[in-house]
Amino acid sequence: MNVGTDAQPSCRSKPAAADRGYEGLARSELPLDTVELARCLIGKIVVRSTSEGVLSGRVVETEAYPVGDAAGHAYRGETARNHALFLCPGHAYVYLAYGVAYMLNVSSEAAGVGAGVLIRALEPLEGIATMQRNRRVENLRDLARGPGRLAAALDVDRRLDGADLCRLGPLWIARDPREAPEIGTSTRIGLSREADRRLRFYIRGNRFVSGPKALNS
DNA sequence: AGTGCGATTGACT
DNA sequence: GTCAATCGCACTA
């Protein structure tokens with residue numbers, strides 16, 4: 001539980017070690033601003049390192065939950081559950097939605113300020129066979145299309161809440177050498193409050209993006 | 001202590 | 001397209 005929250009000097013970690021050809025993202029490269037971070041994370045690579053091996057995928061869809069957003073979990077202040085949202089940028093906030101699916105978020109804003117970015121979908125890259133086993137699904141397109149599916153594919157749950165994504169470890173973020181993708185914008189998915197804000201970002205035309213057609217144009 | 005309700009998914013009509 | 005599953009949290013009393 002709560003990997004990397006208390007004991008580690010988490011806001012000053014040295015980043016950027018390379019592993020398996022990926023180059024880790026330094027915390028200094030992450031925008032403090034939640035919406036900017038949501039855009040920045042598009043096209044980055046999430047790397048999950050386990051005893052089974054390495055799983056990875058390219059981020060193709062995110063949603064921002066900025067300061068003052070009534071739909072955000074930090075809206076009513078800090079609690080035991082949402083503590084990780086109040087860490088400095090680049091920490092994992094993982095929670096269980098609907099009692100059914102884990103959601104992987106990246107903390108944003110300065111330490112002490114609660115906000116974050118939900119990662120909603122990945123294009124699977126490495127460890128596809130393991131992801132297929134984790135998800136009990138064969139179809140590549142369905143492996144990590146949706147926030148709960150993504151977490152299941154990567155074997156992410158509350159154990160990784162608070163993990164520092166800017167350090168090599170069980171879960172971290174890397175650059176993608178590919179050219180920057182074209183990013184689309186839409187309203188967020190599955191909300192009743194703040195439903196009209198266009199805080200969802202995705203790679204245009206990417207088949208691993210979740211959500212209805214109407215939101216993916 | 002009890003209730004309502006999700007940042008979803010998978011099964012089914 | 002509809003809908004139940006399932007559980008932790010926030011809120012009321």
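In what follows, chains are A, B, ... by sequence order, proteins preceding strands, each numbered from 1.
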- Query: Which whole-number value in Å describes the distance from Met103(A) CE to dT6(C) C1'?
  - Reply: 13 Å

- Message: Could you check whether Arg200(A) and Asn216(A), counting side-chain N and O atoms only, form a donor-acceptor pair closer than 3.5 Å?
- Response: yes

- Query: Does some side-chain heavy atom of Lys44(A) sit less than 4.5 Å from a side-chain heavy atom of Arg58(A)?
  - Reply: no

- Item | Nucleotide pairing, DNA chain B (Watson-Crick or G-U, distances under 3.5 Å), in dot-bracket with [ ] and | | ||||||.|||||.

- Message: With heavy atoms of chain A within less than 4.0 Å as the criterion, where does contact along DNA chain B begin and end?
- Response: dG6(B) to dG10(B)

- May I have the distance from Asn82(A) (atom CG) to dG8(C) (atom P), rounded to whole angstrom? 16 Å

- Note on the structure: Closest heavy-atom pair, Pro181(A) versus Ile42(A), reported as atoms and distance to 0.1 Å, is CG-CG2, 4.1 Å

- Message: From CD of Glu78(A) over to P of dC9(C), roughly how many Å is that when rounded to an integer?
- Response: 14 Å

- Item | Spacing between Arg76(A) atom CZ and dT12(C) atom C1', to the nearest angstrom | 14 Å

- Task: Evaluate the side-chain contact (heavy atoms from CB on, under 4.5 Å) criterion for residues Leu171(A) and Val46(A): first the C-alpha distance (whole Å), next the side-chain angles of each, then the deciding distance (0.1 Å), finally the verdict.
- Result: CA-CA 7 Å; Leu171(A) 190 62; Val46(A) 174; 3.8 Å; yes

- Task: In plain terms, say whether Arg27(A) and Asp164(A) are close enough for a salt bridge, that is, a side-chain N and a carboxylate O under 4.0 Å apart.
- Result: yes

- Query: In Å and rounded to the nearest 0.5 Å, what is the CG to OG1 distance from Asp155(A) to Thr50(A)?
  - Reply: 7.0 Å

- When we call it a touch if two heavy atoms are under 4.0 Å apart, what does Arg81(A) touch: a base, just sugar-phosphate, or nothing? sugar-phosphate

- Just checking, any donor-acceptor pair under 3.5 angstrom between side chains of His73(A) and Tyr93(A)? yes

- Query: OH of Tyr98(A) versus P of dC3(C): gap in Å, rounded?
  - Reply: 15 Å

- Task: Answer with yes or no whether the side chains of Tyr65(A) and Thr34(A) bring together a donor and an acceptor at under 3.5 Å.
- Result: no

- Task: State which of dC7(C), dA10(C), dT6(C) makes the closest approach to the side chain of Val100(A).
- Result: dT6(C)

- Just checking Arg135(A): base, sugar-phosphate only, or nothing, at a heavy-atom cut-off of under 4.0 Å? sugar-phosphate

- Note on the structure: Smallest heavy-atom separation, Leu150(A) atom then Arg120(A) atom, equals CD1-C, 3.7 Å

- Item | Spacing between Leu96(A) atom CG and dC9(C) atom P, to the nearest angstrom | 9 Å

